[in-house]
Participant: 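Okay, handing you the structure first.
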Amino acid sequence: MSFPFITAEEAVSHIPNGATVATSGFTASGTPKVVPVALAEKAKTLHDAGEPFKVTLYTGASTNDYVDGALSRAKAISKRVPYQGSPDARNSANTGEIDYYDPHLSHMSQDLRYGFMGDIDVAVIEVTEMNPSGEVVLGAGIGMTPLFARMAKNVILEYSSYYHTSFRGFHDNYIPLDPPNRREIPIYKPSDRIGSPVIKIDPKKIIGVVPSNASESISSFTSLSDTTRAIGAHVAEFLAHELKMGRIPKGFLPVQSGVGNIANAALHGLADHPGIPQFEMYTEVVQDAVMELMHKGKCTFASTCALAFSDNSMLEFMDDIEFFRDKLLMRPAEISNHPEVVRRLGLIAMNTALECDIYGNVNSTHVTGSKIMNGIGGSADFCRNAYLSIFLCPSIQKGGALSTIVPMVTHVDHSEHSVKVIVTEQGVADLRNLSPKERAEVIIEKCVHPDYKPILRDYLKVARTGHISHNLRSAFAMHSAFEDCGDMRKVNFRS
């Protein structure tokens, strides 16, 4: 059976108002580019005619402007799950135009299978190879695509000719059994393969194939700043010391790293430190820094959910793809983030925080407790189960008007019970085996910007003594000062 090539407009004619649409990929990598834009145009046309049109959108994680951007601007999304990173989707979620649900990435696939989240009407899947029997090879990201392809009533394939070299062999597609028949996830080192390099889709479900030649549109990261470079150096020095003291095994442990400039800086710190040996990665995303680490021989293997390379680096990757064939493996998010595997492998997990409080609680998602930034993603999957859970952030933002270390976080994503280490450009707070009082002293001394050390010590003076000392009238006074006059340093604590 051969599948007809159709236009994007023909494809979206099969997506009605109220449908649940799932897309392939993870971050921008492996997401469809042509069909979502056509879907946004369909929504605009119908809205201009006074007709309703919105869909529920399920993705692997954040996407790109082709998906979240275009559909949000067209007011075509009624509900959005899970992690997102588009300014337009973020604004729509914060105004209530989109109902945004933010589950752990390792949970969503199984929640779909368990029937907690309803049916999937149409899956739009980017592929780089396909055959008439329904076997397809995915692109630069997997996300939750194997499950979307299985559960969707209908499938639209978006065939990408942008990649001039095959991705065949880079994917390890695997869906675990459900309880009560689930067995262990048989991954004992990052390079273990447990699934298939292809996805098999029922040919009868495939509506057609839409051609595409668009890149992922991922920009290069900014150069390291003094702040991010200092954070990376502190992380590397801390881990080298742990290795020297015997608290990390001699051969080191696999590394997980989050997304963004700070995460990239942390990896560069590991690469540059002579006390850090070669290591492997077991993570959800690899970025440009990983390519550099592999060429240097510092990172020998990386298991991931997506190759989130900038467009320039992706071209370099494709030109040098044979070098990477035995060094990279992509898995579904349910496996790349699986708590069982994270704990078994003993990961060193490094993720970023919006703010931390003086007792070690971390807010990764909400500005002043109410405005969503991106989402929790997989950070909690790794934090709760890692060998070492490290959170990274600069000590100040907004030119010093905002401290990222506060008396009480306005939203808790990762509690003091899971967070082991906090790092800013000021230093490292090792929170292991410390009481709340001890944690507060260490965090203020090691991680807080000098402008805010006396302020946070003043807070402790007005806090009511207890196992955790707080003053409920003053716990958010720094946030209030920022909202009222644009500078946390103008805080006035109430006794």
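Quick caveat: nothing in here was measured; it's all calculated off a predicted structure.
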Participant: Testing the 3.5 Å rule here: is there a donor-acceptor pair between the side chains of Asn361 and Ser415?
Facilitator: no
Participant: Between Thr56 and Arg80, is any side-chain donor less than 3.5 angstrom from a side-chain acceptor?
Facilitator: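 Per modelled atom types, Thr56 and Arg80 side chains form no pair under 3.5 Å.
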Participant: If only side-chain N and O atoms count, and only distance matters, is there a donor-acceptor pair under 3.5 Å linking Thr31 with Glu126?
Facilitator: no
Participant: Compute whether any side-chain donor of one residue and acceptor of the other, for His449 and Gln426, lie under 3.5 angstrom apart.
Facilitator: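 Distance-only check fails for His449 and Gln426.
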Participant: Assess the side chains of Asp381 and Ser106: does a donor N or O sit below 3.5 Å from an acceptor N or O?
Facilitator: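 Yes, because at least one side-chain N or O of Asp381 sits under 3.5 Å from a partner of the opposite role on Ser106.
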Participant: Hey, are Gln110 and His338 close enough side-chain-wise for a donor-acceptor pair under 3.5 Å?
Facilitator: no
Participant: Around atom NZ of Lys420, are there more than 12 heavy atoms from other residues, nucleotides or ligands closer than 6.0 Å?
Facilitator: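 For Lys420, atom NZ is crowded (more than 12 foreign heavy atoms under 6.0 Å).
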Participant: Going through the checks in order, is the ring-ring contact (aromatic ring centres under 6.0 Å, His included) test met by His479 and Phe476?
Facilitator: CA-CA 5 Å; His479 299 89; Phe476 298 122; 5.8 Å; yes
Participant: Mark yes or no for whether Lys298, through its side chain, and Ile276, through its backbone, hold a donor-acceptor pair below 3.5 Å.
Facilitator: yes
Participant: Measure from the side-chain N and O atoms of Thr283 to the backbone N and O of Ser257, and report whether any donor-acceptor pair falls under 3.5 Å.
Facilitator: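 At least one qualifying donor-acceptor pair exists.
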Participant: Under 3.5 Å, side chain of Asp111 to main-chain N/O of Arg113, donor-acceptor pair present?
Facilitator: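 No, the answer is negative, given that no donor and acceptor are paired below the 3.5 Å cut-off.
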Participant: Within the supplied structure, the quantity of interest is the number of heavy atoms (other residues, nucleotides, ligands) at a distance under 6.0 Å from Lys79 NZ; does it exceed 12?
Facilitator: no
Participant: Judged by atom type as modelled, is there a donor-acceptor pair below 3.5 Å linking the side chain of Arg344 to the main-chain atoms of Ile185?
Facilitator: yes
Participant: Let me know which of Ile248, Val421, Leu253 forms a side chain to side chain contact (heavy atoms under 4.5 Å, CB included) with Leu239.
Facilitator: Ile248
Participant: Check the pair Tyr452, Ile444 against side-chain contact (heavy atoms from CB on, under 4.5 Å), reporting the backbone distance first and the verdict last.
Facilitator: CA-CA 9 Å; Tyr452 287 94; Ile444 292 173; over 6 Å; no
Participant: Using 30° and 60° as the class boundaries, would you call the ring planes of Phe116 and Tyr114 parallel, tilted or perpendicular?
Facilitator: perpendicular
Participant: Do side-chain atoms of Thr304 reach the backbone of Met330 as a donor and acceptor pair under 3.5 angstrom?
Facilitator: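 No, because the side chain of Thr304 does not come within donor-acceptor range (under 3.5 Å) of the backbone of Met330.
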Participant: Say whether Asp68 and Gln84, considering side chains only, have a donor N or O and an acceptor N or O under 3.5 Å apart.
Facilitator: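 Absent: no donor and acceptor within the cut-off.
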Participant: Please work out whether the ring planes of His411 and His366 are parallel, tilted or perpendicular, with thresholds of 30° and 60°.
Facilitator: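 Tilted: the ring planes of His411 and His366 meet at 30° to 60°.
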Participant: Can you check whether Asp88's main-chain N or O pairs, donor with acceptor, with Asn91's side chain at less than 3.5 Å?
Facilitator: no
Participant: For the pair Asn433 and Glu438, evaluate side-chain hydrogen bond (donor to acceptor under 3.5 Å, both in side chains) and give the outcome as yes or no after the intermediate values.
Facilitator: CA-CA 9 Å; Asn433 199 32; Glu438 292 170 322; over 6 Å; no
Participant: Would one find more than 12 heavy atoms of other residues, nucleotides or ligands at under 6.0 Å from atom CZ of Arg193?
Facilitator: yes
Participant: Between Ile348 and Phe252, is the side-chain contact (heavy atoms from CB on, under 4.5 Å) condition met? List the steps.
Facilitator: CA-CA 9 Å; Ile348 296 169; Phe252 214 60; 3.9 Å; yes
Participant: Is it the case that Tyr100 and Asp102 place a side-chain donor and acceptor less than 3.5 Å from each other?
Facilitator: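 Note: Tyr100 and Asp102 side chains meet the donor-acceptor criterion.
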Participant: Are any side-chain N or O atoms of Arg331 and backbone N or O atoms of Asn173, one a donor and one an acceptor, separated by less than 3.5 Å?
Facilitator: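 Answer holds: no.
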Participant: Is Glu425 reaching over with its side chain to a backbone N or O of Ser395, donor-acceptor style, under 3.5 angstrom?
Facilitator: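 Yes.
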Participant: With distance as the sole criterion, is a donor-acceptor pair present between the side chains of Glu340 and Asn385 under 3.5 Å?
Facilitator: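 Their side chains do not contain a donor-acceptor pair, so the 3.5 Å distance test is not met.
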Participant: How far apart are the C-alpha atoms of His414 and Ser364, what are their side-chain angles, what is the distance that settles it, and do they pass the side-chain contact (heavy atoms from CB on, under 4.5 Å) test?
Facilitator: CA-CA 8 Å; His414 315 287; Ser364 296; 3.1 Å; yes
Participant: Starting from the C-alpha separation in whole Å, work towards a yes-or-no answer on side-chain hydrogen bond (donor to acceptor under 3.5 Å, both in side chains) for Ser196 and Tyr174.
Facilitator: CA-CA 7 Å; Ser196 170; Tyr174 179 90; over 6 Å; no
Participant: Compute whether any side-chain donor of one residue and acceptor of the other, for Arg464 and Ser469, lie under 3.5 angstrom apart.
Facilitator: no
Participant: Check whether the side chains of Tyr359 and His470 place a donor and an acceptor atom closer than 3.5 Å, and report yes or no.
Facilitator: no
Participant: Does Lys327 make a cation-pi contact with Phe323 (under 6.0 Å, within 45 degrees of the axis)?
Facilitator: yes
Participant: For the CG atom on Asp226, are there more than 12 heavy atoms of other groups (residues, nucleotides or ligands in this structure) within a distance under 6.0 Å?
Facilitator: no
Participant: Judged by atom type as modelled, is there a donor-acceptor pair below 3.5 Å linking the side chain of Tyr58 to the main-chain atoms of Met117?
Facilitator: yes
Participant: Are Phe391 and Val423 close enough, and set up right, to give a side-chain contact (heavy atoms from CB on, under 4.5 Å), and what steps lead you there?
Facilitator: CA-CA 6 Å; Phe391 279 89; Val423 181; over 6 Å; no
Participant: Does Lys398 have more than 12 heavy atoms from other residues, nucleotides or ligands lying within 6.0 Å of its NZ?
Facilitator: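 Atom NZ in Lys398 is not crowded, with 12 or fewer foreign heavy atoms closer than 6.0 Å.
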Participant: Is the closest side-chain donor-acceptor distance between Asp311 and Ser215 under 3.5 Å?
Facilitator: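 A pair is found: one side chain offers a donor N or O, the other an acceptor, under 3.5 Å apart.
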Participant: Taking atom CZ of Arg432 as the centre, does the number of heavy atoms from other residues, nucleotides or ligands within less than 6.0 Å exceed 12?
Facilitator: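 Yes, enclosed.
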Participant: Just by distance, no angles: are the side chains of Asn261 and Thr228 close enough, under 3.5 Å, to form a donor-acceptor pair?
Facilitator: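 No, no side-chain donor-acceptor contact under 3.5 Å.
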